[in-house]
There are 2 protein chains.
Amino acid sequence: MSFDRDQVLRAAADLLTRKATATTEEVARAAGISRATLNRHFPGRDVLVRALEDLGIAECEAALDAARLAEGTAADAVRRLVRALEPCTSLLAFLYSENQLFEGEGQHAGWSRIDERLTALFRRGQADGEFRIDLSAVWLTEALYGLLAAGGWAVIEGRVARNDFTHMIAELLLGGTMRRDAS
Amino acid sequence: MSFDRDQVLRAAADLLTRKATATTEEVARAAGISRATLNRHFPGRDVLVRALEDLGIAECEAALDAARLAEGTAADAVRRLVRALEPCTSLLAFLYSENQLFEGEGQHAGWSRIDERLTALFRRGQADGEFRIDLSAVWLTEALYGLLAAGGWAVIEGRVARNDFTHMIAELLLGGTMRRDAS
DNA sequence: CCCATGTGAGACATGTCTGTCTCATGTGAT
DNA sequence: ATCACATGAGACAGACATGTCTCACATGGG
């Protein structure tokens, strides 16, 4: 019954993704610890959310590193990225919706770094003539977030198979819905 | 100072989209009425959310009607649909995130109807050979929701221009990021 | 003019979540 | 065995949102 910070954070993320308004007692029970212990380590719900944010940022940056965005074609980099991001989608989905609440406080600097790296990837694709230029790189970054969240929720609700996750998101983002035969 | 149900609902939607945890007093103040009056007409927060849901469903179905999804190419139908949906995006974005909370209760039947109409549109595009078939129509429907929400929030946060809304979403969904020259 | 209706303001009780505290228990190290 | 330490369980008070109630006021119709 020792305290495993990482395991607690993951249990909290799993629960909060499904039920964003969960009580601290529910979070504690989901993590297998008491409310008192949860409060000793994370004094306040905002502290817990910030810790989840830090975890999400760390996992995102690890995924970005693992995807080696600078190598190969931008399209392949996007595919590697989506695949690398898949394990932390539910955490991202939670933080994505939670972020809407952080109105004025200014967002975590980590997200800016991640935004910048993603935007740079799309800009590279545009500069290489690989991606179209009438959709701004900033919008493509936002769209990727939206598709990841939509995909994560669709998987949770059983509307789509988890195995299809990477293919669905990456191929929709890259190729859209239109058939590409013609060519 | 008479009570205008529709105006109150729109004010509530605007506020709740930006701050999903807003107090009933904040909602009332945003709508220009007192908390007592708000509670007379919407006894309970869930009643208010349900009313917003009904409003969102009604506006969605009106947009679906206006877009005449059965006419012309499926791609053009999607473009008309996104354009018709644009005015109620913020309400949709709120309901989209709020819906994650309705876990067990079973969702409003209206959403099923809307899902079905959207899925039918994508299926038609696939049957006509216009859309690719390796992305399921159900996923395309979910993706459209995700892109609408992402677009709505990106506009609210000033990351992208409101004028670009329709083009960004529709063209990304239809054509993806890849350049389409070649062909 | 009088009355009915609807509203705003405020007070009040209630329920819930939260943060904190105490105390007993269990575990590991010495 | 003993001690230090962390945890679990429960109690407690405070903060907050909520729902309800009363009362005063304005408006509109009879």
Side-chain angles (χ1 to χ4, degrees), chain A residues 1-56 91 94-95 97-105 108, chain B residues 1-56 90-91 93-95 97-105 108:
Chain A
M1 312 311 174
S2 65
F3 177 82
D4 180 344
R5 179 185 169 93
D6 199 66
Q7 178 266 339
V8 169
L9 282 177
R10 287 180 195 286
D14 281 348
L15 175 60
L16 289 174
T17 299
R18 294 193 305 272
K19 186 178 178 184
T21 60
T23 304
T24 55
E25 180 167 5
E26 294 176 285
V27 174
R29 189 148 14 98
I33 62 177
S34 72
R35 197 166 66 90
T37 301
L38 179 65
N39 224 289
R40 286 189 189 100
H41 293 272
F42 303 101
R45 182 196 180 80
D46 54 336
V47 176
L48 177 62
V49 173
R50 289 295 178 179
L52 286 173
E53 195 173 26
D54 291 339
L55 178 64
L91 177 56
F94 164 67
L95 294 173
S97 59
E98 192 79 0
N99 254 353
Q100 314 305 331
L101 309 182
F102 289 169
E103 267 192 276
E105 314 176 19
H108 196 299
Chain B
M1 312 311 175
S2 67
F3 177 83
D4 181 344
R5 179 185 170 93
D6 199 67
Q7 179 267 336
V8 169
L9 282 176
R10 288 181 193 286
D14 281 348
L15 175 61
L16 289 173
T17 299
R18 295 193 305 272
K19 185 178 178 186
T21 60
T23 306
T24 55
E25 180 167 4
E26 294 176 286
V27 173
R29 190 150 10 100
I33 62 177
S34 72
R35 196 166 67 91
T37 300
L38 180 65
N39 222 286
R40 286 189 190 101
H41 293 272
F42 303 101
R45 181 196 181 81
D46 55 335
V47 175
L48 177 62
V49 173
R50 290 295 178 178
L52 286 173
E53 195 173 27
D54 291 339
L55 177 64
S90 71
L91 176 56
F94 164 68
L95 294 172
S97 60
E98 192 80 358
N99 253 354
Q100 314 305 330
L101 309 181
F102 290 167
E103 266 193 276
E105 313 175 20
H108 196 298

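Throughout, protein chains are lettered first and strands after them, A, B, ... in sequence-line order, and every chain is numbered starting at 1.
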*Asks:* Can you check the B:Arg29 CZ to C:dT7 P distance for me, whole Å?
*Replies:* 19 Å
*Asks:* Strictly by ring pair (Phe, Tyr, Trp, His ring centres under 6.0 Å), give each pair with a member in residues 8-48 of chain A just once, sequence neighbours left out.
*Replies:* A:Phe3-A:His41
*Asks:* With a cut-off of less than 4.0 Å, is there a side-chain N or O of B:Thr23 near OP1 or OP2 of D:dA17?
*Replies:* yes
*Asks:* Over how many whole Å does the gap from A:Phe3 atom CZ to C:dG26 atom C1' extend?
*Replies:* 18 Å
*Asks:* Please pick, from C:dG19, D:dA9, D:dT18, the nucleotide with the shortest atom-to-atom distance to any side-chain atom of B:Arg35.
*Replies:* D:dT18
*Asks:* May I have the distance from B:Glu26 (atom CD) to D:dT18 (atom C1'), rounded to whole angstrom?
*Replies:* 14 Å
*Asks:* Taking NZ, NE, NH1 and NH2 as the nitrogens, is one of them in A:Arg18 or A:Asp14 under 4.0 Å from a carboxylate oxygen of the other?
*Replies:* no
*Asks:* So does B:His41 get a side-chain nitrogen or oxygen closer than 4.0 Å to the phosphate oxygens (OP1/OP2) of C:dG6?
*Replies:* no
*Asks:* Please state how far atom CZ in B:Phe42 lies from atom P in D:dG19, giving the value in whole angstrom units.
*Replies:* 13 Å
*Asks:* Determine whether A:Asp54 and A:Arg50 satisfy the following criterion, salt bridge (charged side-chain N to carboxylate O under 4.0 Å, His left out), listing intermediate values before the conclusion.
*Replies:* CA-CA 6 Å; A:Asp54 291 339; A:Arg50 289 295 178 179; over 6 Å; no
*Asks:* Respond yes when some side-chain nitrogen or oxygen of A:Thr37 is under 4.0 Å from OP1 or OP2 of D:dG8, and no when none is.
*Replies:* yes
*Asks:* Nearest-Å distance, CG (B:Asn39) to P (C:dG10)?
*Replies:* 17 Å
*Asks:* Mark yes or no for a side-chain to base donor-acceptor pair under 3.5 Å between A:Arg45 and C:dG19, with no hydrogen or angle criteria applied.
*Replies:* no
*Asks:* Rounded to whole Å, how long is the line connecting atom CG of B:Leu38 with atom P of C:dG6?
*Replies:* 17 Å
*Asks:* Write down the atom of B:Ala11, the atom of B:Ala31, and the distance for their closest heavy-atom approach.
*Replies:* CB-CA, 3.7 Å
*Asks:* Between D:dA17 atom P and B:Asp46 atom CG, what is the distance in whole Å?
*Replies:* 18 Å
*Asks:* Test A:Glu26 against A:Arg29 for salt bridge (charged side-chain N to carboxylate O under 4.0 Å, His left out), laying out the working first.
*Replies:* CA-CA 5 Å; A:Glu26 294 176 285; A:Arg29 189 148 14 98; 5.9 Å; no
*Asks:* What nucleotide among D:dA9, D:dT18, D:dC21 has an atom nearest to a side-chain atom of B:Ala36?
*Replies:* D:dC21
*Asks:* When the distance from CZ of B:Arg40 to P of D:dC21 is rounded to whole Å, what number comes out?
*Replies:* 11 Å
*Asks:* Can you identify which nucleotide, out of D:dT18, C:dG8, D:dA9, has its nearest atom closest to the B:Ile33 side chain?
*Replies:* C:dG8
